[in-house]
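In what follows, a structure is listed as structure tokens, so that the remarks can point back to it.
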Amino acid sequence: MAKRVHEVWKGNNIFFLGGRLIFGPDARSLLVTLLLLIVPVIIFCVFVARHLRHEFSSYNAGYAIMIVAIVFTIHVLVLLLLTSARDPGIVPRNAHPPEEEFRYDSSASVEVGGRQTPSLQFPRTKEVMVNGLPVRVKYCDTCMLYRPPRCSHCSICNNCVERFDHHCPWVGQCIGLRNYRYFFCFVSSATLLCIYVFAICALYIKILMDDHQGTVWKAMKESPASVVLMTYCFISLWFVGGLTGFHLYLISTNQTTYENFRYRADNRINVYDRGCLNNFLEVFCTKVKPSRNNFQAFVQEEPQRPPMPTTRDVESGEDNMGNDRRMKVEDDLDIGGDLLKISQRHNIEDIDADIRSRGSDVPHHNSSEADSVLGSDRRAPVGQSDTRHSSWGRSGSWEIATEGSYHTPKEAYQ
């Protein structure tokens with residue numbers, strides 16, 4: 001049975017509802033964040049807002065204090081869910097390295113067969129143009145791809161994330177291209193919620209002071225929950241408030257947290273800065289890009305690709321072919337030499353037999369005549385030459401020259 005993408009996902013993410021919700025591996029910390037948000041609001045509604053329902057007689061305005069707190073809390077929780085439960089901008093992994101980027105590097109050579117040959121290398125970086133300026137991008141060995149500009153590999157989630165800002169343990173997710181807007185809205189909304197709770201608690205203590213005509217200490221004793229909430233909100237404002245201010249600075253200069261901490265001392269030119277107004281419009285007024293991953297889809301099996309031949313394989317193949325050619329030429333030459341010897345031996349024997357046969361039939365001649373006969377008979381008849389040519393067709397025809405010398409055709413050496 002075919003599996004779905006989220007079932008074979010190689011990252012460290014956690015999926016729910018059949019891949020519809022995606023969290024980081026530290027998603028349990030999200031429960032702590034929920035408790036830090038919900039518990040103080042419940043205490044506020046029970047011990048503070050409930051007592052203020054009738055303090056504002058006109059149109060029962062006191063109920064609005066509790067309603068605003070509840071609605072605002074729901075708003076913050078929705079932003080938290082949009083930040084932590086969606087794809088932050090994960091770049092899909094490649095099944096194999098991009099072959100078009102392979103090249104031969106002559107500087108790093110390998111000795112093959114006593115010769116220095118260029119080795120197959122893979123460039124670790126390459127340059128791309130961003131706003132008319134070159135930007136160097138790195139190759140990710142885990143995802144087997146060149147990371148897009150502003151993309152980085154999260155070691156916690158084990159994914160390459162576009163416009164990687166940081167990995168936030170409080171939301172249990174990476175903050176990237178597709179959820180940075182919701183992350184900032186979540187942090188800033190949590191800051192406003194802290195300010196709201198702190199202000200209403202301070203108002204309640206002021207009302208208690210006026211009703212009982214007492215001091216601040218007496219009012220605080222009347223409502224210890226208000227004191228606890230004010231202390232909690234004051235401490236929280238140092239974190240979420242400071243984080244909101246820091247990200248306002250990052251948005252205005254079009255930086256990410258990762259870029260700010262890593263390149264702060266390099267004095268690099270920020271090629272992404274388009275002005276304060278345009279930077280804010282880019283974050284809040286542009287359409288969120290759709291996810292590049294369909295976690296609910298079925299996995300499509302790719303056909304197996306034959307391995308790329310390495311330089312050593314190519315060199316060994318060429319050496320084997322060269323050895324085969326040399327062996328064939330040497331074998332043909334040996335066979336040709338043997339044939340020549342055999343042909344010479346057979347021709348001389350035939351000539352001697354012919355002389356003996358003539359000596360038995362005709363009277364003997366002097367030595368000069370015998371030499372002339374021998375010289376004339378050493379020229380083999382055409383029929384015999386053709387016969388020998390047809391009997392040795394494997395490595396070419398071996399013919400006997402008319403002047404008494406023997407030559408081999410060029411085909412024997414090919």
For residues Phe15 and Phe295, establish whether the separation of their ring centroids is below 6.0 Å.
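Ring-ring flag for Phe15/Phe295: true, centres closer than 6.0 Å.
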Using side-chain heavy atoms (C-beta onward) and a distance below 4.5 Å, is [X] in contact with [Y]?
| X | Y | result |
| --- | --- | --- |
| Val240 | Phe186 | no |
| Val91 | Cys143 | no |
| Phe184 | Thr83 | no |
| Val71 | Ile67 | yes |
| Arg163 | Cys151 | no |
| Ser29 | Trp170 | no |
| Thr286 | Arg181 | yes |
| Tyr232 | Val197 | no |

Look at atom [atom1] of [X] and say whether more than 12 heavy atoms of other residues, nucleotides or ligands are closer to it than 6.0 Å.
| X | atom1 | answer |
| --- | --- | --- |
| Phe284 | CZ | yes |
| Ile269 | CD1 | no |
| Phe246 | CZ | yes |

Quick one: pull up [atom1] in [X] and [atom2] in [Y] and give me the separation to the nearest 0.5 Å.
| X | Y | atom1 | atom2 | value |
| --- | --- | --- | --- | --- |
| Phe44 | Leu52 | CZ | CG | 7.0 Å |
| Ser189 | Leu79 | OG | CG | 5.0 Å |
| Leu208 | His51 | CG | NE2 | 9.0 Å |
| His167 | Thr257 | NE2 | OG1 | 13.5 Å |
| Arg50 | Met66 | CZ | CE | 7.5 Å |
| Leu281 | Cys276 | CG | SG | 9.5 Å |

Test side-chain contact (heavy atoms from CB on, under 4.5 Å) applied to Ile90 and Asn13, step by step:
CA-CA 11 Å; Ile90 300 174; Asn13 303 92; 4.2 Å; yes
Contact list for residues 17-40, test ring-ring contact (aromatic ring centres under 6.0 Å, His included), sequence neighbours left out
Phe16-Phe23
Any sub-3.5 Å donor-acceptor pair from [X]'s side-chain atoms to [Y]'s backbone N or O?
| X | Y | answer |
| --- | --- | --- |
| Asn158 | Asn12 | no |
| Asn254 | Tyr272 | yes |
| Ser188 | Cys185 | yes |

Can a donor-acceptor pair be found between the side chains of Asn179 and Gln173 at a distance below 3.5 Å?
no
Under 3.5 Å, is there a donor-acceptor pair linking the side chains of Asp273 and Thr253?
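No, no side-chain donor-acceptor contact under 3.5 Å.
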Parallel, tilted or perpendicular: which one describes the rings of Tyr180 and His247, with boundaries at 30° and 60°?
tilted
Please verify the inter-ring angle class for Phe198 with Phe234; under 30° counts as parallel, over 60° as perpendicular, anything in between as tilted.
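Ring orientation, 0 to 90° scale: tilted.
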For the residue pair Pro88 and Cys174, what are the closest heavy atoms and their distance?
CB-O, 3.3 Å
Grab the two heavy atoms, one from Cys160 and one from His153, that are nearest each other, plus how far apart they are.
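Scanning both residues completely, I find the closest heavy atoms to be SG-ND1, 3.4 Å.
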The test is side-chain contact (heavy atoms from CB on, under 4.5 Å); show your working for Thr142 and Arg93 and say whether it passes.
CA-CA 8 Å; Thr142 304; Arg93 303 188 182 203; 3.5 Å; yes
Pair Ile205-Met230, side-chain contact (heavy atoms from CB on, under 4.5 Å): steps then yes or no
CA-CA 11 Å; Ile205 291 178; Met230 290 178 65; 3.7 Å; yes
Taking Asp87 first and then Lys289, would you say they form a salt bridge - that is, a charged N and a carboxylate O separated by under 4.0 Å?
no
